[in-house]
Amino acid sequence: MKGTRDRLWVRWRPTLLVLCQAGPCRVKLLSLFCIVSVVILAISRAASIMGWRHHLDSPQLPSRHQYTVLINTWRRNDLLKKSVAHYTQCNGVNAIRVVWSEPEPPSNSLHLELVQSVEASNLHNNNRHNHKISFQFDTHETDDLNNRFKPLNGLHTDAIFSIDDDVVVPCALLEFSFGIWLSAPDSMVGFVPRMHWVQSMKHAVEQEKYTYGGWWSVWWMGSYSMILSKAAFIHHKYFELYTHQMPASIHQYVREARNCEDIAMSFLVANATSAPPLWVKGRLFEIGSTGISSLQGHSEHRTQCVNHFVSVYGYMPLVASHVKVVDAQHQWLW
């Protein structure tokens with residue numbers, strides 16, 4: 001150290017002598033010290049701003065820019081495992097929650113396997129994700145389709161991506177649709193559109209009748225008024241409204257019919273916003289085919305739901321739209 005100090009003294013001695021000769025030596029030394037200090041401080045601040053301090057942990061993404069994946073499942077553990085494993089690969093996922101309404105709680109082996117799957121993905125994607133995905137079962141004592149929209153305790157995101165266990169949305173498409181939802185967070189944004197059609201015109205004193213239109217009617221006419229919750233982004237506030245403020249008769253109807261909870265949510269959002277949902281075009285992958293929609297008379301039952309809900313609300317809140325959101329970067333033809 002002494003040799004180093006001697007060399008520094010020899011290096012700076014001519015400068016110091018000039019400063020002392022030009023004026024009071026103490027004032028000059030103090031000025032030089034201040035200049036050097038300012039330069040060092042500026043360099044250190046610049047290094048921090050430019051991200052040169054690699055030893056610092058990367059900040060986590062704000063929860064507003066993440067979403068919770070809420071998987072609705074029913075006695076299809078193999079599909080559930082595939083679904084959970086897939087969504088751990090998507091960048092914007094903050095948490096994965098599973099709605100469990102079966103008579104018996106999830107087995108310890110199933111819970112452990114899913115937790116290990118999520119933890120393994122967190123470890124593998126540590127360099128790609130700026131956060132760790134959490135996993136949780138939301139168990140319910142009763143078998144009730146209304147459970148799908150029960151408010152979630154410990155939620156850290158505004159956005160909830162509601163998805164069935166037999167539907168897989170590619171991560172790139174999921175991230176694109178989440179960006180669309182961020183631009184319209186009060187809307188339902190998703191991939192499965194449906195439509196209501198006027199079945200018959202009645203006099204003013206009578207209620208109009210409607211028909212539930214499936215995918216083919218949407219494809220043929222280019223109109224839709226509902227986005228099904230089997231694959232849709234929904235603001236968490238609508239879960240509170242569905243559970244605590246929606247008419248109890250609708251809860252009862254859904255519970256007894258074992259159908260139409262997704263139509264009920266579409267009615268609720270439309271009634272709150274007076275606006276249509278947003279349909280995002282994209283290819284989904286269905287890995288199962290034993291859901292409610294495969295049962296005979298499904299469309300007729302859905303038509304009955306629509307008309308019952310209209311009678312409860314006293315009017316038709318659903319708003320039709322022709323808008324389809326497309327990622328132009330991945331389309332050959334517009």
Side-chain angles (χ1 to χ4, degrees), residues 60-61 63 66-171 174 229-234 236 239-240 242-243 251 254-255 258-259 261-262 265 284-294:
Q60 290 191 348
L61 292 171
S63 60
Q66 296 176 320
Y67 51 90
T68 298
V69 175
L70 183 64
I71 304 174
N72 191 59
T73 189
W74 177 258
R75 295 183 176 178
R76 299 190 288 195
N77 291 348
D78 290 341
L79 298 184
L80 177 61
K81 294 174 186 177
K82 293 178 181 179
S83 186
V84 170
H86 168 73
Y87 291 111
T88 59
Q89 306 302 312
C90 300
N91 286 333
V93 177
N94 176 274
I96 297 176
R97 309 281 286 263
V98 176
V99 180
W100 186 276
S101 301
E102 299 182 20
E104 298 295 329
S107 65
N108 292 334
S109 59
L110 175 63
H111 186 272
L112 179 61
E113 186 173 351
L114 293 177
V115 169
Q116 289 177 341
S117 175
V118 174
E119 291 180 347
S121 180
N122 284 332
L123 182 61
H124 181 265
N125 296 322
N126 187 46
N127 294 328
R128 186 160 60 92
H129 295 317
N130 289 325
H131 62 280
K132 290 185 177 180
I133 298 173
S134 62
F135 175 82
Q136 181 177 327
F137 276 103
D138 290 287
T139 58
H140 303 277
E141 296 181 356
T142 59
D143 175 16
D144 185 348
L145 288 177
N146 293 303
N147 292 339
R148 181 169 199 155
F149 302 124
K150 289 287 183 68
L152 303 178
N153 295 325
L155 191 67
H156 298 291
T157 66
D158 288 337
I160 297 175
F161 182 63
S162 174
I163 187 73
D164 283 354
D165 58 5
D166 61 347
V167 179
V168 172
V169 181
C171 290
L174 188 58
S229 57
K230 67 183 298 180
F233 279 101
I234 309 172
H236 74 81
F239 285 56
E240 297 282 347
Y242 186 101
T243 301
H251 290 154
V254 169
R255 187 179 305 111
R258 296 184 59 80
N259 203 334
E261 83 286 355
D262 48 359
M265 177 59 82
L284 311 183
F285 296 91
E286 298 202 22
I287 56 178
S289 57
T290 59
I292 294 176
S293 60
S294 64

Leu152 and His236: CA distance, side-chain angles, deciding distance, side chain to side chain contact (heavy atoms under 4.5 Å, CB included) verdict:
CA-CA 8 Å; Leu152 303 178; His236 74 81; over 6 Å; no

> Is it true that Arg258 and Asp143 make a salt bridge, defined as a side-chain N closer than 4.0 Å to a carboxylate O?
Replying inline: yes

Ser117 meets the side chain to side chain contact (heavy atoms under 4.5 Å, CB included) criterion, sequence neighbours left out, with Ala85

*Test log, rule side chain to side chain contact (heavy atoms under 4.5 Å, CB included), inputs Thr68 and His156*: CA-CA 8 Å; Thr68 298; His156 298 291; over 6 Å; no

With no hydrogens and no angle check, just 3.5 Å: does a side-chain donor-acceptor pair link Thr157 and Asn94?
no

Exam field: side chain Ser121 to backbone Thr88, donor-acceptor pair closer than 3.5 Å:
yes

When rounded to the nearest 0.5 Å, the distance separating CG of Asp166 from CG of Leu79 is 6.5 Å

> Does Lys230 offer a backbone N or O that forms a donor-acceptor pair with the side chain of Asp164 under 3.5 Å?
Replying inline: no

Separation between CG (Asp262) and OG (Ser162), nearest 0.5 Å, reads 9.0 Å

Note to self: What verdict does the salt bridge (charged side-chain N to carboxylate O under 4.0 Å, His left out) test give for Asp165 and Arg75, after you've listed the backbone C-alpha separation in whole Å, the side-chain angles of each residue and the deciding distance to 0.1 Å?
What the structure shows: CA-CA 10 Å; Asp165 58 5; Arg75 295 183 176 178; over 6 Å; no

In short, salt bridge (charged side-chain N to carboxylate O under 4.0 Å, His left out) pairs touching residues 81-94 with sequence neighbours left out are Lys81-Glu113

When every non-hydrogen atom of Ala95 is compared with those of Ser134, the smallest separation belongs to CB-OG, 3.2 Å

Residues pairing under salt bridge (charged side-chain N to carboxylate O under 4.0 Å, His left out) where one sits in residues 94-104, two or more places apart or in two chains, turn out to be Arg97-Asp138

Here the gap from Ile234 atom CD1 to Asp158 atom CG, rounded to the nearest 0.5 Å, amounts to 13.5 Å

Residues passing the ring-ring contact (aromatic ring centres under 6.0 Å, His included) test with Tyr242, sequence neighbours excluded, are Phe149, His251

Here the gap from Ile160 atom CD1 to Leu70 atom CG, rounded to the nearest 0.5 Å, amounts to 6.0 Å

Looking only at heavy atoms, the pair that brings Pro151 and Glu240 closest together is CB-OE2, 3.4 Å

### Task
Determine whether Val93 and Tyr67 make a side-chain contact, defined as any pair of heavy atoms from C-beta on separated by less than 4.5 Å.
yes

Correct closest heavy-atom pair for Leu80 and Thr73 would be CB-OG1, 4.1 Å

- Pair Ile71-Ile96, side chain to side chain contact (heavy atoms under 4.5 Å, CB included): steps then yes or no: CA-CA 8 Å; Ile71 304 174; Ile96 297 176; 3.9 Å; yes

Ring pair (Phe, Tyr, Trp, His ring centres under 6.0 Å) pairs touching residues 76-118, sequence neighbours excluded, are Trp100-Phe137, His111-Phe137

So OG of Ser101 and NZ of Lys150: to nearest 0.5 Å the spacing works out to 8.0 Å

- Hey, mind stepping through Asn147 and Thr142 against side chain to side chain contact (heavy atoms under 4.5 Å, CB included) and telling me if it holds? CA-CA 8 Å; Asn147 292 339; Thr142 59; 4.1 Å; yes

Applying side chain to side chain contact (heavy atoms under 4.5 Å, CB included) to Leu284 and not counting sequence neighbours gives Val167, Val169, Leu173, Phe191, Val192, Ala231

Interatomic distance, CZ@Phe239 vs CZ@Arg148, rounded to 0.5 Å, equals 8.5 Å

